[in-house]
Structure formats: C-alpha cells, structure tokens
Amino acid sequence: MIDFSYLQQGWLGMARSPRAGSMAGHLGAGVLAGYYFGELNPNLDPAVFEFVTTDLDRIIAGEEAIWFNPAKSGITIQEMFSAQPADDPLLAANEASSRIATALGETMIDLRQSGHNVIFGSLALRALADHPDLA
C-alpha cells in the first residue's frame, strides 16, 4: 500500500507546477501515478510498494531536477510538494475541477504528440473527484 500522503503531495506538486514551468508537471504527475498504482494493485508484494515509495521520496526530495531550473523559476521541488501554507488560499473543489476540465478541453482541440495533456489532466481530475478536500 502507498501512503495517502503521496496523493496529497502529488496533488500539490501538480497544482504548483505552473510556477516552475511546463515540464515540472511531470513531477507531481509521477507522484500521483505512483500513489494510484498502489491503490489499484493492493495485493502486490510489499517489496514492490517499498520500491515505489522509495522512488516517490526521491522525486519529492528533488532528485529529478532535469524538469526545470529551481533557481530560474523561483520555486524548489521541495516547495512544490510541501504542505499548503495557511495564507495560500485554495480553490473550491468544483471550481478547481471546472478549471482543469476547461483547460484540458482546450488542449484536446489539436492533435498532441505524447498525450501529456490528457494524462496529467486526468490524474488531477481523479485526485479531486476522489478527494475534493484536496482542492
């Protein structure tokens, strides 16, 4: 089993990735995907969960620095995944879902090379649908 905190951290990473640049979404999406892999496969050997968790910890710790330059973007990888500060207002779940769905719809007008728009958007929408309190 993958701890629920990875879903929360993956969502934060996705939500904050625009501050870091277009490639930073890979980080939050990777953490969300790792969490959902565990949720969808609860009967796997515990060693598999340990491996996935170790990899998620590596991402959150900032070892995937190829996706953006924190010095240029003004946000570090650790800040992307950190708990929400009290003075950083969150959108209501319905508004957040609506904004993500609208943005996703706009990107689906044209053919894309790799489908990241659908993959990342779908992960974010699923996280919000499953846990609206994350918004």
Side-chain angles (χ1 to χ4, degrees):
M1 182 172 185
I2 307 293
D3 190 80
F4 181 73
S5 65
Y6 291 102
L7 177 77
Q8 295 168 316
Q9 291 175 75
W11 169 250
L12 287 171
M14 289 277 302
R16 293 182 177 146
S17 66
R19 296 182 194 173
S22 60
M23 297 301 285
H26 288 85
L27 300 170
V31 174
L32 280 177
Y35 171 81
Y36 280 120
F37 173 77
E39 185 178 276
L40 293 170
N41 299 285
N43 298 322
L44 293 175
D45 188 299
V48 173
F49 294 125
E50 184 178 335
F51 175 80
V52 171
T53 300
T54 298
D55 203 42
L56 298 179
D57 288 338
R58 188 180 60 74
I59 293 168
I60 293 166
E63 293 183 28
E64 289 289 330
I66 63 169
W67 298 106
F68 73 97
N69 183 336
K72 288 183 180 178
S73 68
I75 186 171
T76 67
I77 293 172
Q78 293 86 354
E79 289 170 334
M80 283 179 52
F81 291 104
S82 67
Q84 196 75 31
D87 63 347
D88 193 358
L90 296 172
L91 298 173
N94 290 339
E95 183 181 346
S97 294
S98 177
R99 288 178 60 184
I100 293 167
T102 298
L104 180 56
E106 290 171 359
T107 69
M108 294 177 74
I109 294 169
D110 298 318
L111 184 62
R112 303 284 181 198
Q113 179 178 356
S114 60
H116 285 67
N117 58 327
V118 175
I119 297 165
F120 292 4
S122 298
L123 282 167
L125 287 172
R126 178 169 179 184
L128 280 175
D130 291 351
H131 304 281
D133 56 300
L134 293 176

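Here, residue 1 is the first one in the sequence, and each next residue gets the next number. The structure displayed is predicted, hence computed values, not measured ones.
Around CZ of Phe4, the count of heavy atoms belonging to other residues, nucleotides or ligands within 6.0 Å exceeds 12. Heavy atoms from other residues, nucleotides or ligands lying under 6.0 Å from CE of Met1 number 12 at most.
Nearest heavy atoms, Ala127 versus Trp11: CB-CE3, 4.4 Å. Residues Tyr36 and Arg126 share a closest heavy-atom pair of CE2-NE, 3.3 Å. Residues Val31 and Phe81 approach most closely at CG2-CE2, 3.8 Å, considering heavy atoms. Residues Ile77 and Ile59 approach most closely at CG2-O, 3.4 Å, considering heavy atoms.
Note that CG of Leu12 and CG of Leu32 are 9.5 Å apart. Values are rounded to the nearest 0.5 Å. Put simply, CD1 on Ile2 and CG on Leu40 are 11.0 Å apart, with the number rounded to the nearest 0.5 Å.
Using a 4.5 Å cut-off on side-chain heavy atoms (C-beta onward), Met80 and Ile75 make contact. Contact of the Ser82 side chain with the Arg16 side chain is registered, since non-hydrogen atoms from C-beta on lie closer than 4.5 Å.
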- request: Output, in order, the C-alpha distance, side-chain angles, deciding distance and verdict of side chain to side chain contact (heavy atoms under 4.5 Å, CB included) for Gln9 and Leu56.
  value: CA-CA 10 Å; Gln9 291 175 75; Leu56 298 179; over 6 Å; no
